[in-house]
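Report on the following structure.
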Amino acid sequence: MEYNFRNIEKKWQEQWIASGAYKVSNDSTKPKAYILDMFPYPSGAGLHVGHPLGYISSDIYARYKRLKGFNVLHPMGYDAFGLPAEQYAIERGIHPAISTEANIQTFRRQLDNIGFSYDWSREVQTCDPKYYRWTQWIFLQLFESFYNRHNKKAEKLEVLVASFEKEGNKVHAFPNNKYELSNGSKTFTAAEWKAMDEVAQREILMQYRLAYLAYTDVNWCEALGTVLANDEVINGVSYRGGFPVIKKKMRQWNLRITEYAERLLEGLDVIDYSDSMKEIQRNWIGKSFGAEISFKVKSEQNTVTDMTVFTTRPDTIFGVDFMVVAPEHDMVKEITAADRQQAVDEYLQYVQSRSEVERMAEVKKITGCFTGAYALNPFNGREIPIWISEYVLAGYGTGAIMAVPCGDERDHKFAQHFNIPITNIIGAAYDGKEANPTKDAVLENSDFLNGLVMRDAIEVVLKKVEEARIGKRQVNYKMRDAGWSRQRYWGEPFPIVFKNDVPYAMDVKDLPLQLPPSDDFKPSGTGEGPLANVPSWVNISDTEKHDTNTMPTHAGAAWYFLRYMDPHNEQEFASRKALDYWNQVDVYIGGSEHAVAHLLYSRLWVKVLHDLGFLSFDEPFKKLINQGKITGDSRFVYRVRNSNEFVSAGLKDKYETDQLHVDVNIVDGLELDTEAFKKWKPDFADATFILEDGKYICGSAIEKMSKSYYNVINPDQVVEKYGADTFRMYEMFLGPLEASKPWDIKGIEGVHRFLKKLWRLFYDETKGQVWNTDKATDAELKVIHKAIRKIEEDTERFSFNTAVSAFMVCVNELNDLKCNKKEILEKLVILLTPYAPHVSEELWQLMGNAGSVLDASYPVAEEKYLIETSKEYPVSINGKVRTQLVLSLEATQQEVEQLLLANEIVQKWLEGKSPKKVIYVKGKMLNVVV
RNA sequence: ACCCCGGUGGCGGAAUCGGUAGACGCGAAGGACUUAAAAUCCUUUUCCCAGCAAUGGGAGUGCAGGUUCAAUUCCUGUCCGGGGUACCA
């Protein structure tokens with residue numbers, strides 16, 4: 001009876017479905033555990049061996065928790081809205097719903113193959129109207145709420161309106177401090193509010209809503225015909241397709257995530273994400289402490305009296321040699337001197353003509369223009385020229401800076417480029433060639449700051465600034481509000497009705513607002529989304545319209561983990577009872593590429609839902625683990641130039657060759673299957689080979705797994721050849737979960753051999769059953785209890801690679817002891833269940849156990865079998881290990897010293913001298929210092 | 001440029017709190033079983049030197065220092081690789 005993994009795996013997969021083994025109840029007295037994978041976007045390419053890495057680890061952990069007596073929620077679903085399906089629709093004319101459905105089926109088949117314990121009755125698909133109904137509902141919660149800065153949480157708009165009716169916006173100032181009413185004021189009174197018509201009131205409310213419409217500079221991608229979020233633009237080009245992106249002003253939905261910057265930052269202290277992940281989020285939020293300082297302005301027109309800059313280095317105020325404002329700054333046209341007008345206009349035109357790509361590509365290029373106006377240093381009245389330059393961004397701080405060339409590299413380069421004299425305020429710390437951004441130099445040429453260390457001077461200036469009422473301390477964030485409109489068909493429609501262009505929330509009972517059927521997915525080209533091609537849907541009546549945009553793919557992903565808790569609820573996005581029971585995701589496993597967008601938006605939505613009283617927790621994921629990528633291991637053949645002759649890698653230097661990728665599936669290790677190669681592509685049908693030692697040896701390289709490199713390994717093939725249990729364990733055995741590593745099929749034999757060896761502890765090819773019910777010896781008990789402790793510890797800390805090796809050690813040791821005892825082996829089978837569920841269930845059953853091994857109880861490591869009475873200590877002389885000595889664990893320092901001095905080898909190294917010191921660390925080691 | 005993470009045999013990797021570096025697996029070499037092969041089993045395998053051998057000695061965790069009885073582990077500097085951010089004042 002040999003290990004027939006194909007029959008075993010098929011049989012149990014079917015039985016587990018039939019018995020509903022993975023169905024999870026919301027009603028349980030057991031403690032809960034919520035173990036989640038980042039749900040995949042169902043691409044047309046299907047899964048490659050890199051995808052399941054995270055899924056296998058979460059499955060192991062979920063199964064482990066189940067054995068440990070937890071009620072485990074371990075669901076799976078699909079992030080099914082998104083760009084590729086729509087691009088595919090445009091190219092092939094296949095409706096995204098159809099291609100998405102087909103892709104989901106492929107994914108499902110591939111996933112099922114690997115033996116996951118997902119409760120598929122809880123599956124969600126973000127493109128399902130039953131699901132996106134609630135995505136739209138949550139969007140409306142955001143639309144109908146504002147962020148109350150006083151108690152730092154989201155509240156219903158009614159609270160705000162009540163405040164307006166009582167005291168205008170005195171208590172709740174406009175979140176955007178640059179926003180002005182048509183009369184130029186930033187405030188209004190209760191009387192003024194009440195006097196406004198509905199349109200005006202709604203315009204004001206729009207300034208507060210957490211989901212709001214605004215004309216914003218958006219990243220417009222002409223080729224994709226859509227707007228992209230900041231995180232979808234990489235180096236000035238679109239993240240998908242790599243098309244150019246330009247700035248364009250459009251009326252867009254936005255999420256006021258900036259109001260949550262501080263809470264998103266603080267939340268990082270209480271959640272268990274990797275350091276690098278937290279770091280990425282901190283950088284993205286980009287908090288910086290500084291001051292806003294006002295400078296008097298002297299200009300010909302004299303209409304502007306003050307300009308305000310943001311600086312993190314108020315200590316350098318006496319080193320300010322020029323001011324720079326962003327080209328888009330409103331002030332520019334009011335301060336420009338008559339004789340500078342032409343130059344300024346030309347510069348502004350130049351800036352406008354520059355695309356985002358050019359700006360990105362030419363970061364080092366220094367451009368700018370003098371306005372003819374001056375600012376006055378508030379402390380010594382010095383006249384400082386005001387320049388415009390694109391290196392100052394309108395959207396950050398106040399859109400204006402004070403430039404300190406001796407301390408800031410960009411300012412320094414600018415000053416050198418335009419020959420602006422540089423004031424040195426840090427003496428020898430500045431060499432005249434390069435700026436020095438130190439905070440530790442002693443200030444000079446700095447009036448009342450002279451002699452102070454810069455670090456300390458910051459506080460002195462801040463106090464002075466506040467006393468003189470010319471500025472205030474200010475915290476700024478790099479993060480911007482999130483653009484939430486996409487000019488796309490395949491996404492959630494906005495549940496909004498525009499009545500005479502004023503947006504109103506749809507009635508909740510009318511949700512979902514479904515996507516209309518359409519076969520025209522091309523962008524309208526005007527900036528409107530493809531829904532504009534369905535006028536019957538857009539135009540509800542002459543005066544009422546739907547938005548032609550849809551939400552980004554992040555919308556559905558921002559809350560799916562909540563829906564799994566109660567996926568079929570038609571009254572609520574999930575019942576409060578289910579939400580309270582399952583609570584936070586205990587362990588969330590996924591790729592680090594979602595560090596910014598998905599995780600930040602999920603955290604935001606959960607915080608808002610929490611503030612509005614729907615959730616008892618305000619962070620979605622308690623612990624996050626980023627699995628590493630599995631890279632591809634490419635193979636190359638070398639074609640002799642201008643021929644169809646291929647030379648083996650070892651001989652290729654003797655010829656002039658071209659290197660070609662070859663399908664890794666027709667290479668065994670490095671040896672090419674030349675017959676398969678001839679059949680691979682018609683071009684190679686009559687290929688000839690120059691062999692070495694009768695073999696064709698390929699070249700190799702580690703690259704990302706990609707179709708175009710022919711290095712993609714489909715898990716289906718691996719499962720077919722070795723079985724799901726081997727595949728699962730091998731993926732874990734490759735290395736630490738978080739590390740990136742190359743896929744190398746060679747090592748899989750070792751893991752497969754291990755499972756066969758395990759099987760032979762129970763059944764032998766010739767003898768049949770070898771397991772027995774004899775009483776276990778102490779040595780055998782020790783082996784299994786050692787394994788229990790090690791494997792439990794390793795599983796608990798997600799160190800699955802070392803757990804697999806612990807299984808191997810255990811089987812090797814039992815094999816050496818010729819132990820075939822059920823008492824020992826059944827414990828091993830339970831331990832193995834999370835890792836290799838099929839073979840474990842089979843052996844469990846064959847041993848005559850009742851019930852499924854999935855619900856067995858995890859063995860407990862008993863100390864009494866693990867206690868040692870003596871230990872072989874390493875004996876070091878001066879830190880170098882020279883010999884070993886077996887000692888009782890009870891040995892005292894005195895006994896140890898006596899034994900050591902009597903030892904021959906120790907004596908040899910002492911060379912007659914007496915030791916200076918004998919270090920004895922119980923249970924660890926001995927060291928003799930001579 | 002800045003920030004984060006990492007660098008250990010031929011290879012993937014292990015060493016969890018500063019205590020025998022190289023677990024486990026692959027690959028390689030030799031052997032057993034077999035007509036043969038597959039499968040399986042056994043032995044060796046960080047490098048260098050000496051020895052027929054048991055063994056003995058030296059070096060060794062990117063590099064250079066430091067702290068310590070003891071450093072892959074902690075500290076400083078430096079090089080290399082991966083990731084993130086990219087004019088954020």
Side-chain angles (χ1 to χ4, degrees), chain A residues 2 234-236 274-284 286-288 290 309-313 316 324 359-360 362-366 389-393 395-404 407-411 413-414 437 476-480 592-593 595-596 626 628-629 631 669 730 733-736 738-751 753-754 756-757 760 765 790 793-794 796-797 799 801-809 812 815 872-884 915-921 923-930:
Chain A
E2 55 183 291
I234 295 151
N235 293 328
S274 70
D275 288 344
S276 70
M277 197 58 35
K278 289 187 179 184
E279 198 59 30
I280 291 168
Q281 293 208 2
R282 283 199 188 98
N283 285 341
W284 186 263
K287 184 179 187 176
S288 57
V309 299
F310 174 69
T311 178
T312 54
R313 296 296 301 275
T316 61
V324 187
R359 272 183 81 154
M360 292 285 197
E362 300 167 18
V363 163
K364 293 267 135 56
K365 191 167 165 182
I366 297 160
S389 173
E390 59 182 339
Y391 85 86
V392 171
L393 307 177
Y396 183 76
T398 61
I401 63 155
M402 56 180 227
V404 182
D408 182 282
E409 199 201 331
R410 292 153 309 174
D411 298 347
K413 293 220 165 89
F414 193 89
N476 272 331
Y477 301 92
K478 272 203 266 188
M479 185 168 65
R480 304 294 144 79
S592 54
E593 64 272 23
V596 187
N626 295 115
K629 289 188 186 65
T631 44
Y730 182 57
F733 191 58
L734 278 174
E738 273 122 319
S740 285
K741 53 232 153 190
W743 176 260
D744 174 15
I745 193 69
K746 267 290 172 202
I748 200 169
E749 298 281 355
V751 174
R753 247 170 243 156
F754 153 76
K756 286 199 277 194
K757 208 164 172 180
R760 281 198 305 272
E765 274 105 89
K790 171 77 175 153
E793 273 176 15
D794 285 355
E796 206 60 75
R797 63 189 176 97
S799 178
N801 55 329
T802 53
V804 173
S805 84
F807 279 116
M808 292 172 169
V809 170
N812 288 345
N815 198 45
E872 190 187 56
Y873 282 86
V875 179
S876 303
I877 317 287
N878 288 334
K880 278 196 193 304
V881 179
R882 295 300 176 185
T883 183
Q884 280 80 29
K916 228 188 232 166
K917 202 172 172 187
V918 176
I919 292 154
Y920 166 46
V921 183
K924 294 279 187 192
M925 45 62 69
L926 303 168
N927 190 14
V928 181
V929 187
V930 184

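Naming: A, B, ... by sequence-line order, numbering from 1 per chain.
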Pairing partner of [N] (Watson-Crick or G-U wobble, both distances under 3.5 Å):
N: B/G9; value: none
N: B/A59; value: B/U46
N: B/U85; value: B/A1
N: B/A38; value: none
N: B/G22; value: none
N: B/G65; value: B/C75
N: B/A14; value: none

Mark yes or no for whether [X], through its side chain, and [Y], through its backbone, hold a donor-acceptor pair below 3.5 Å.
X: A/Asn476; Y: A/Ser288; answer: no
X: A/Asn801; Y: A/Leu734; answer: no
X: A/Tyr873; Y: A/Gly923; answer: yes
X: A/Arg760; Y: A/Asn815; answer: no
X: A/Thr883; Y: A/Val875; answer: no

Using a heavy-atom cut-off of 4.0 Å across all strands, would you classify [X] as base, sugar-phosphate, or nothing?
X: A/Pro742; value: nothing
X: A/Lys756; value: sugar-phosphate
X: A/Ser288; value: sugar-phosphate
X: A/Asn476; value: nothing

d([atom1], [X]; [atom2], [N]) in whole Å:
X: A/Lys287; N: B/A89; atom1: NZ; atom2: C1'; answer: 18 Å
X: A/Met277; N: B/G84; atom1: CE; atom2: C1'; answer: 9 Å
X: A/Asp411; N: B/A89; atom1: CG; atom2: P; answer: 12 Å
X: A/Asn812; N: B/C41; atom1: CG; atom2: C1'; answer: 12 Å
X: A/Asn815; N: B/U40; atom1: CG; atom2: P; answer: 12 Å
X: A/Asn283; N: B/A86; atom1: CG; atom2: P; answer: 9 Å
X: A/Glu409; N: B/A1; atom1: CD; atom2: C1'; answer: 7 Å
X: A/Phe733; N: B/C26; atom1: CZ; atom2: P; answer: 8 Å

[N] and [M]: how far apart are their [atom1] atoms, nearest whole angstrom?
N: B/G27; M: B/C11; atom1: C1'; value: 7 Å
N: B/C41; M: B/A59; atom1: P; value: 39 Å
N: B/U78; M: B/C2; atom1: P; value: 11 Å
N: B/A71; M: B/G19; atom1: C1'; value: 10 Å
N: B/U16; M: B/G65; atom1: C1'; value: 29 Å
N: B/A14; M: B/G58; atom1: P; value: 30 Å
N: B/U35; M: B/C42; atom1: P; value: 22 Å
N: B/U46; M: B/U61; atom1: C1'; value: 11 Å

- Query: side chain to side chain contact (heavy atoms under 4.5 Å, CB included) between A/Phe754 and A/Tyr730: does it pass, once the steps are laid out?
  - Reply: CA-CA 11 Å; A/Phe754 153 76; A/Tyr730 182 57; over 6 Å; no
When you measure from the side chain of [X], which nucleotide among [options] comes out closest?
X: A/Arg753; options: B/A89, B/C24, B/U40; value: B/U40
X: A/Val392; options: B/G12, B/A89, B/G27; value: B/A89
X: A/Glu390; options: B/G84, B/C87, B/G13; value: B/C87
X: A/Lys478; options: B/G25, B/U85, B/A89; value: B/U85
X: A/Arg760; options: B/C69, B/C24, B/U40; value: B/U40
X: A/Phe310; options: B/G12, B/A89, B/A23; value: B/A89

- Task: Give, for atom CG of A/Asp408 and atom OG1 of A/Thr316, the distance between the pair rounded to the nearest 0.5 Å.
- Result: 8.5 Å
- Are more than 12 heavy atoms from other residues, nucleotides or ligands located less than 6.0 Å from atom CD of A/Glu796? yes
- Query: Should the heavy atoms of other residues, nucleotides or ligands under 6.0 Å from NZ of A/Lys287 be counted, would the total exceed 12?
  - Reply: yes
- A/Asn283 and A/Lys478: side-chain donor and acceptor closer than 3.5 Å? no
- For nucleotides 54-63 of chain B, just jot down a letter per nucleotide in 5' to 3' order: B, S or -, based on protein non-hydrogen atoms under 4.0 Å. --SSSS----
- Item | Protein proximity profile, nucleotides 15-21 of chain B - base contact B, sugar-phosphate-only contact S, no contact -, cut-off 4.0 Å on heavy atoms | SB--BBS
- Message: Pair A/Arg797, A/Glu793 - check salt bridge (charged side-chain N to carboxylate O under 4.0 Å, His left out), show working.
- Response: CA-CA 6 Å; A/Arg797 63 189 176 97; A/Glu793 273 176 15; 5.6 Å; no
- Task: Answer syn or anti for B/C17, where the cut-off is 90° from 0 on the glycosidic torsion.
- Result: syn
- Syn/anti label of B/G9 as read from its glycosidic torsion, with the cut at 90° from 0: syn
- Query: Given that A/Ala806 and A/Lys757 both sit by RNA chain B, which one's nearest nucleotide is further toward the 5' end?
  - Reply: A/Ala806
- Query: Starting at the 5' end of RNA chain B, which residue's closest nucleotide do you reach first, A/Ala400 or A/Ile280?
  - Reply: A/Ile280
- Taking the side chain as every heavy atom from C-beta outward, state whether A/Leu926 and A/Ile919 have any pair of such atoms under 4.5 Å apart. no
- Query: A/Met808 versus A/Val751: any side-chain heavy-atom pair under 4.5 Å?
  - Reply: yes
- Item | B/A14 phosphate, OP1 or OP2, under 4.0 Å from A/Asn801 side-chain N/O | yes
